[in-house]
Novice: 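First the structure, which I've put down as structure tokens, then a few questions once you've had a look.
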There are 2 protein chains.
Amino acid sequence: MSRPQDPQETTKQGMERVCPGESRIDARLRGAGLRPTRQRLALGELLFGSGDRHITAEVLHAEALAAGEQVSLATVYNTLHQFKRAGLLRELAIDGTRAYFDTNTSNHNHFFVEEAGELMDIESNSIRVDGLPEPPEGMKISHIDVVVRLVKA
Amino acid sequence: MSRPQDPQETTKQGMERVCPGESRIDARLRGAGLRPTRQRLALGELLFGSGDRHITAEVLHAEALAAGEQVSLATVYNTLHQFKRAGLLRELAIDGTRAYFDTNTSNHNHFFVEEAGELMDIESNSIRVDGLPEPPEGMKISHIDVVVRLVKA
DNA sequence: GTGTTTGCAAAGTGTTTGCAATTTA
DNA sequence: TAAATTGCAAACACTTTGCAAACAC
């Protein structure tokens, strides 16, 4: 099954040549082996330009349009998954009905406000999970997700 | 907006009159204010008849058909949500692409095998989460989900 | 009988995909 | 120029809904 839209996965890694005048995002994309196209740069700027973010495809698409960048929703989806495969984003299973992407790929956990669909980071090292049982035979733990669900007090 | 298919929510609770010959499920439904219809009894039997289960609508539908019960997929979805509102089930946000329902509504956590889409309970009291930060102003914690994601070792 | 529940088929939602046109290196 | 990327529109998977017929009490 050919995947013509994702050939960069077989592309050898760029060599991180950050030329003067090129943006941080540009370097980041090259470093991940992704061509710094107009759309990826625009989305990357929105995603990584200002601190950690939690975002859905639709919201990101809307932001891009609002910023005057012409990007299709399909490209937003594709780009999010490319970024995710490249390790630039993490996908969060929070809601079931929509995919959230987190620009903070380090180990941390989340508050989730059910009604508002609002996500917040919990400081990385405040939460500690103890008493983990052994994973079943032949399995190992890849990651632990903790979601603290909030409602109005 | 009328919701003709969910009027039982305003129905007064049944009085749990478990007559001899009526099933445990029947009593459970009545206790939740749900009429014990053929479909609900069949689905309830599949869900609660044998220990704790994690199940998706499609799988439950397939099981019902396999058991010779005629139920539509729409009814399975509706029933799962009715059961959930009645507190008989809990919905799990695990995968994003599909809704899992858990017949164990007590506080416990899960192993999730990513590739297989397989879910397992973790003994209720083995895991302990420490260092929870205060929820933001005006919010309170409704529930904490811990998902331990597994991959092949 | 009255109000609840069901099933169907249609509509929705969020997401993915095939492919021709465009862009990048 | 060759290969990667984009955008569109159509296809998707999963879920919900309107409404008339069937059912429970």
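In this text, all values refer to a predicted model and were calculated from it rather than measured experimentally. Numbered from 1 within each chain, the chains take letters A, B, ... in sequence-line order.
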Novice: Going by the side chain to side chain donor-acceptor pair (under 3.5 Å) test, which pairs reach into residues 56-68 of chain B, not counting sequence neighbours?
Specialist: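 As it turns out, the side chain to side chain donor-acceptor pair (under 3.5 Å) pairs with a partner in residues 56-68 of chain B, which skip direct neighbours, are B:Arg53-B:Glu63.
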Novice: Think A:Ser72 has a side-chain N or O under 4.0 angstrom from the OP1 or OP2 of D:dG7?
Specialist: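 Answer yes for this pair, as a side-chain N or O of A:Ser72 is under 4.0 Å from OP1 or OP2.
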Novice: N/O contacts under 3.5 Å, protein versus nucleotides 21-24 of chain D?
Specialist:
none

Novice: Extract all donor-acceptor atom pairs below 3.5 Å that involve side chains of residues 68-76 of chain B and protein atoms in other chains or at least two apart in sequence.
Specialist:
from    : atom 1 : to      : atom 2 : distance (Å)
B:Ser72 : OG     : B:Thr75 : N      : 3.1
B:Ser72 : OG     : B:Thr75 : OG1    : 3.1

Novice: For a quick check of understanding: with a heavy-atom distance under 4.0 Å over all strands, which category does B:Thr56 fall into, base, sugar-phosphate or nothing?
Specialist: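 Nothing, no heavy atom under 4.0 Å.
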Novice: Measure CG/A:Asp26 against P/C:dT24 and give the value in whole Å, please.
Specialist: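 One finds 12 Å between P of C:dT24 and CG of A:Asp26, rounded.
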Novice: Once side chain to side chain contact (heavy atoms under 4.5 Å, CB included) is applied, do any residues pair with A:Ala116, and if so which ones, sequence neighbours excluded?
Specialist: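 Only A:Val113, A:Glu118 meet the side chain to side chain contact (heavy atoms under 4.5 Å, CB included) criterion with A:Ala116.
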Novice: Provide the full list of salt bridge (charged side-chain N to carboxylate O under 4.0 Å, His left out) pairs with a residue in residues 101-113 of chain A, sequence neighbours left out, each pair given once.
Specialist: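 Those involving residues 101-113 of chain A do not exist here.
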Novice: Determine which pairs satisfy salt bridge (charged side-chain N to carboxylate O under 4.0 Å, His left out) with at least one residue from residues 141-152 of chain B, sequence neighbours left out, and list them in order.
Specialist: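 Only A:Asp145-B:Arg149, A:Arg149-B:Asp145, B:Glu114-B:Arg149, B:Glu115-B:Lys152 qualify under salt bridge (charged side-chain N to carboxylate O under 4.0 Å, His left out).
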Novice: Would you tell me if any nitrogen or oxygen in the side chain of A:Gln70 comes within less than 4.0 Å of OP1 or OP2 on D:dT6?
Specialist: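 Negative; the distance criterion is not met.
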Novice: D:dT16, OP1 or OP2 - any side-chain N/O from B:Tyr77 closer than 4.0 Å?
Specialist: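 No.
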Novice: Keeping to residues at least two apart or across chains, list the salt bridge (charged side-chain N to carboxylate O under 4.0 Å, His left out) pairs with something in residues 86-98 of chain B.
Specialist: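 The answer is B:Lys84-B:Glu91.
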Novice: Tell me if a side-chain donor or acceptor on B:Arg30 pairs with a main-chain N or O of B:Pro36 at a distance below 3.5 Å.
Specialist: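 A pair under 3.5 Å: no.
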Novice: For the helix from C:dG1-D:dC25 to C:dA25-D:dT1, what is the angle between the axes at its two ends, each from 5 pairs, rounded to 10°?
Specialist: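 Roughly 30°, once rounded to the nearest ten degrees.
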Novice: Please list all pairs passing the ring pair (Phe, Tyr, Trp, His ring centres under 6.0 Å) test where one or both residues lie in residues 128-153 of chain B, with sequence neighbours left out.
Specialist: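 Non-adjacent pairs meeting ring pair (Phe, Tyr, Trp, His ring centres under 6.0 Å): zero.
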Novice: Are any of A:Thr75's side-chain N or O atoms less than 4.0 Å away from OP1 or OP2 of D:dG7?
Specialist: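 So the side chain of A:Thr75 is within the cut-off, an N or O lying under 4.0 Å from OP1 or OP2 of D:dG7.
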